[in-house]
Amino acid sequence: MTTDAALTARRSRFGAVLPAVWYDRDTRVVARALLGTVLECRTEEGVASGRIVETEAYLGGDDPACHAAVGLTERNRHLHGPPGIAYVYRIYGAHWCFNAVTEPAGKGSAVLVRALEPLVGIEIMRRRRPAARRDIDLTSGPGKLCAALGIVGAHDGLPLQRPPLVIRAGTPVPDDAVEVTPRIGITRAAEWPLRFLVRDNPWVSRTPGHFFRRRFEG
DNA sequence: CATTTGATGTTCT
DNA sequence: GAACATCAAATGC
């Protein structure tokens with residue numbers, strides 16, 4: 001699995017913003033390595049960002065849960081694109097989900113970002129997420145974090161190396177703090193261990209039967 | 001605090 | 001017409 005050392009090396013060589021080639025490798029490796037990095041979105045409202053604490057890998061090819069499994073369609077066209085770009089799609093007609101495309105173009109692989117720890121623009125996030133009674137509810141889910149950051153369909157296909165969408169190196173997460181579980185909210189290949197999260201982090205999404213111990217009031 | 005239910009509308013069969 | 005990488009409100013402890 002990958003490594004904070006590699007991340008550090010990349011950081012010194014490329015600067016804080018993760019370069020497109022950084023995503024050009026095994027999707028599981030990227031999913032793990034994205035933990036601790038910072039996702040930022042700039043809009044006319046301002047800048048909002050958060051530290052990634054939960055991801056899921058979706059593998060092109062044999063993964064029946066990946067959108068690429070249905071082949072190339074209008075909706076998933078950027079999922080088949082080059083690595084280091086955004087794949088943003090609407091789910092349940094109401095919410096947006098954000099992915100970072102991985103592996104060489106044509107593979108149809110990506111990492112879904114499922115939860116963030118808010119860093120910058122918390123007031124903006126509160127405004128965008130009026131239903132969130134506590135700050136813990138601002139970004140603890142794939143649809144929630146898109147709403148909080150202002151990520152919408154217009155961001156589909158954009159690179160992740162310059163505004164409005166940027167992923168940069170953050171505080172590394174050591175291997176012993178990484179937990180791997182089955183993915184959430186899917187029916188096919190649901191048992192595959194492709195969900196990565198920061199152990200005991202209060203900002204991860206709520207999963208049935210696994211609720212938080214700690215209370216966080218906004 | 002834990003579990004269930006209804007809303008939502010686009011995408012694909 | 002069914003499925004869907006979800007969310008929030010309502011219900012039951």
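Per chain, numbering begins at 1; letters A, B, ... match sequence-line order. Heavy atoms only: backbone and side chains are in, while hydrogens, waters and symmetry mates are out.
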I'd like to check the side chain to side chain donor-acceptor pair (under 3.5 Å) partners of [X]; sequence neighbours left out, ordered by chain and number.
X        : value
A/Thr102 : A/Thr27
A/Arg199 : none
A/Glu74  : A/Arg77
A/Arg183 : A/Asp63

To the nearest 0.5 angstrom, please state how far the CG atom of A/Asp26 sits from the CG atom of A/Leu59.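 Answer for the CG-CG pair, A/Asp26 versus A/Leu59, is 7.5 Å.
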Distance check, rounded to the nearest 0.5 Å: A/Leu119 atom CG versus A/Thr139 atom OG1? 9.0 Å
Rounding to an integer number of Å, can you tell me how far [X] [atom1] sits from [N] [atom2]?
X        : N     : atom1 : atom2 : value
A/Ile136 : B/dC1 : CD1   : P     : 12 Å
A/Tyr58  : C/dC4 : OH    : P     : 12 Å
A/Leu138 : C/dT6 : CG    : P     : 19 Å
A/Asn99  : C/dT6 : CG    : P     : 11 Å
A/Arg195 : C/dT6 : CZ    : P     : 11 Å
A/Trp96  : C/dT6 : CH2   : C1'   : 14 Å

Result block: side-chain N/O donor-acceptor pairs under 3.5 angstrom for residues 86-94 of chain A, not counting sequence neighbours:
from, atom 1, to, atom 2, distance (Å)
A/Tyr87, OH, A/His67, ND1, 2.8

Partners of A/Arg42 by salt bridge (charged side-chain N to carboxylate O under 4.0 Å, His left out), sequence neighbours excluded? A/Glu40
What residues, two or more places apart in sequence or in another chain, satisfy salt bridge (charged side-chain N to carboxylate O under 4.0 Å, His left out) together with A/Glu123?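 If we apply the salt bridge (charged side-chain N to carboxylate O under 4.0 Å, His left out) test to A/Glu123, skipping adjacent residues, the hits are A/Arg126.
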Using a strict heavy-atom distance below 4.0 Å, which residues from residues 148-159 of chain A are in contact with DNA chain C?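 Output list: empty, so none.
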Hydrophobic cluster partners of A/Ile124 (side-chain heavy atoms under 4.5 Å): none
Please check: side-chain N/O of A/Asn99 versus main-chain N/O of A/Val101, any donor-acceptor pairing under 3.5 Å?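 Here the side-chain-to-backbone pair does not exist.
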Examine distances only and state if a side-chain atom of A/Glu117 and a backbone atom of A/Val53 form a donor-acceptor pair shorter than 3.5 Å.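 No.
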Can you check each nucleotide of nucleotides 7-13 of chain B against protein heavy atoms at under 4.0 Å and return B for base, S for sugar-phosphate only, - for none, in 5' to 3' order? -BB-SS-
Sugar-phosphate or base contact per nucleotide [nucleotides 8-13 of chain C; S, B, -; heavy atom under 4.0 Å]: S-----
Going by atom types alone, do A/Ser109 and A/Arg28 pair a side-chain donor with an acceptor below 3.5 Å?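 Judged by distance alone, the side chains do not pair up.
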Stems with DNA chain B, 3 or more Watson-Crick or G-U pairs in a row (under 3.5 Å), are B:1-7 with C:6-12, B:9-12 with C:1-4
